[in-house]
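This chain uses plain numbering: 1 for the first residue, then up along the sequence.
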Amino acid sequence: MLDHEYTTKEVFQKNFFTDWRMEMTDDERNLIRDLSKCDFREIHKYFVDKAEEKKALSKEEKKVLKEEANKQTEEYGYCLLDGHREKIGNFRVEPPGLFRGRGEHPKMGKLKRRVLPEDITINCSNESNIPVPPKGHRWKKVQHDNAVTWLASWVENVQGSIKYIMLNPSSKLKGEKDWQKYEIARKLKLKVAMIRRQYQTDWKSREMKKRQRGVAVYFIDKLALRAGNEKEEGESADTVGCCSLRVEHITLHEELDGQKWVVEFDFLGKDSIRYYNKVPVEKRVFKNLNLFMENKSPEDELFDRINTVYLNKTLNESMTGLSAKVFRTFNASTTLQEQLNKLTHADMSLEEKILSYNRANRAVAILCNHQRAAPKTFEKSMQLLQEKIAQKRKQVEEAKKELKDVQTQDRNYSTDKSRNMVEKKENAVKRLEEQLKKLLLQMTDREENKVIALGTSKLNYLDPRISVAWCKKFEVPVEKIYNKTQRDKFAWAIAMTQEDYQF
């Protein structure tokens, strides 16, 4: 990990050195007292060389390795579920390593220990062939619980969280769960007007708890904020959601940039991704926020009377199965449907249709605050694309010049041969212009996607039937929207959706 910026951070170094010293012998502990005097370059070079060796393998050697991996998948990568052979998601336990965490995690650099069979609980049916543990070992426990979907579990040592071996996303069980999730979000469509009336009434309630609930639900609905679960103090990075917002995370402006009643948000959300937004809100919401902030310090909770459990419980009372996450799914899918209906026209080229799809997906990613750092290779790949565009422009110019020459010849002395030549050159110009347009669209798309992560919403918040129906309606191959893994995950949607489906 030497060439990773994590290793330069003080917290990382401190945690690593503490855990490393616990693994040392007494002699080593006496000798090694200062991390800054340790030189890991030799072992780092060893791993870099190993990686290079792997890259340099011949086609035949790579084929042997692939066959070996396939053999393992055949043996360990499947299970029987209700008599059906189903694929397992990831059957390999994570190897030991150093914990990184997301953002400024207080435990970064700690040692993730090797998981042994003695740490693992196996979950299988009573009458199945119970997997045999490696020689000289035994499982922690073998249980037969058919009410859960995991096949094996263990507790990882850094955060004390439970890790699971689950079924592949393409399995029948996962597909059904996915379908139910989007059906609940669709049901919200019928109830959302009533829920919105309810939270607007709550803004005027004499009970402070209800007022806070009303404003929190409004934020979850309008801004697709996460509810924000409580976390152990100091156990993880300081990230917040709607219910755990503190006074310091918002600034109120009666007027800003020509808009009235503006709330400025600035906090770290899930995975330590910064959420920064300036939003005009209803006047009553603004006044309530002023009230919630009265006589509080910056580090005090904004919504001090409510928590996530209470919020989700009251949402569930409005509609069975409703939670803050369902709101996020509903708003994301609704946004995608509206944007696709607005941006796509039947007379567009395939590339233009795909650009409009990505733009609709991007609107959702922005709503859900799905950001990413610009890819390391971004500048280089953009440069290559610009060179390609410049080259293509040159080819278009040359082709136009050639066309002009043959048109002049044809005007002066027209023959079948010269007319054919004009037609040939016209087609060449047309083809090159199409290619140039395609490259320019590609560049626009890449530039716009630079710091937006489209994948998270596409896989977790967008009803796949919207995309499948759009593909069928506008004759876009599904492969252009979903890759092989995604098509397996959404096989249920691809099989059942007609082109007239609307979320």
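Between Glu397 and Lys392 there is no salt bridge, since no side-chain nitrogen of the basic residue lies less than 4.0 Å from a carboxylate oxygen of the acidic one. Ion pairing of Lys425 with Glu402 is present here, as a side-chain N (NZ or NE/NH1/NH2) and a carboxylate O approach within less than 4.0 Å.
Taking the six-membered ring where the residue is Trp, Tyr275 and Phe267 present parallel rings, their angle staying beneath 30° rather than reaching 60°. Taking the six-membered ring where tryptophan is involved, the planes of Phe99 and His105 are perpendicular, since the angle between them exceeds 60° and thus also 30°. Ring geometry, Phe265 versus Phe219: the interplanar angle exceeds 60°, so the pair is classed perpendicular (tilted spans 30 to 60°).
At least one donor-acceptor pair closer than 3.5 Å links the side chain of Glu61 to the backbone N or O of Ser58. Asn483 places a side-chain N or O within donor-acceptor distance of the main-chain N or O of Gln486, the cut-off being under 3.5 Å. Between the side chain of Ser414 and the backbone N or O of Arg411 there is no donor-acceptor pair closer than 3.5 Å. With hydrogens and angles disregarded, a donor-acceptor distance shorter than 3.5 Å links the side chain of Thr344 to the backbone of Leu340. Distance alone, capped at 3.5 Å, places no donor-acceptor pair between the Thr497 side chain and the Ile494 backbone. No donor-acceptor pair under 3.5 Å is formed between the side chain of Ser333 and the backbone N or O of Phe330.
Between Gln502 and Asn341, the closest side-chain pair of non-hydrogen atoms falls below 4.5 Å. Lys172 has its side chain out of reach of Leu81: every pair of non-hydrogen atoms, C-beta onward, lies at least 4.5 Å apart. Asn123 has its side chain out of reach of Ser153: every pair of non-hydrogen atoms, C-beta onward, lies at least 4.5 Å apart.
Contact record, Glu282 with Tyr218: N-OH, 3.5 Å, taken as the closest heavy-atom pair.
Among Tyr182, Trp179, Tyr482, the one residue that satisfies the ring-ring contact (aromatic ring centres under 6.0 Å, His included) test with Phe490 is Tyr482.
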**OP:** Carefully, step by step, assess Glu479 and Lys484 under the rule salt bridge (Lys or Arg N to Asp or Glu O under 4.0 Å).
**Re:** CA-CA 8 Å; Glu479 299 77 51; Lys484 171 80 172 72; over 6 Å; no
Using the rule given for side chain to side chain donor-acceptor pair (under 3.5 Å), can you reason through Tyr461 versus Asn331, listing the C-alpha separation, both sets of side-chain angles and the distance that settles it, and then say yes or no? CA-CA 9 Å; Tyr461 292 105; Asn331 279 319; over 6 Å; no
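In this structure, CG in Asn277 is found 8.5 Å from CG in Leu225, a value given to the nearest 0.5 Å.
Side chains of Tyr199 and Asp221: a donor-acceptor N/O pair is present below 3.5 angstrom, by distance only. Between the side chains of Thr8 and Glu5, no donor N or O sits under 3.5 Å from an acceptor N or O.
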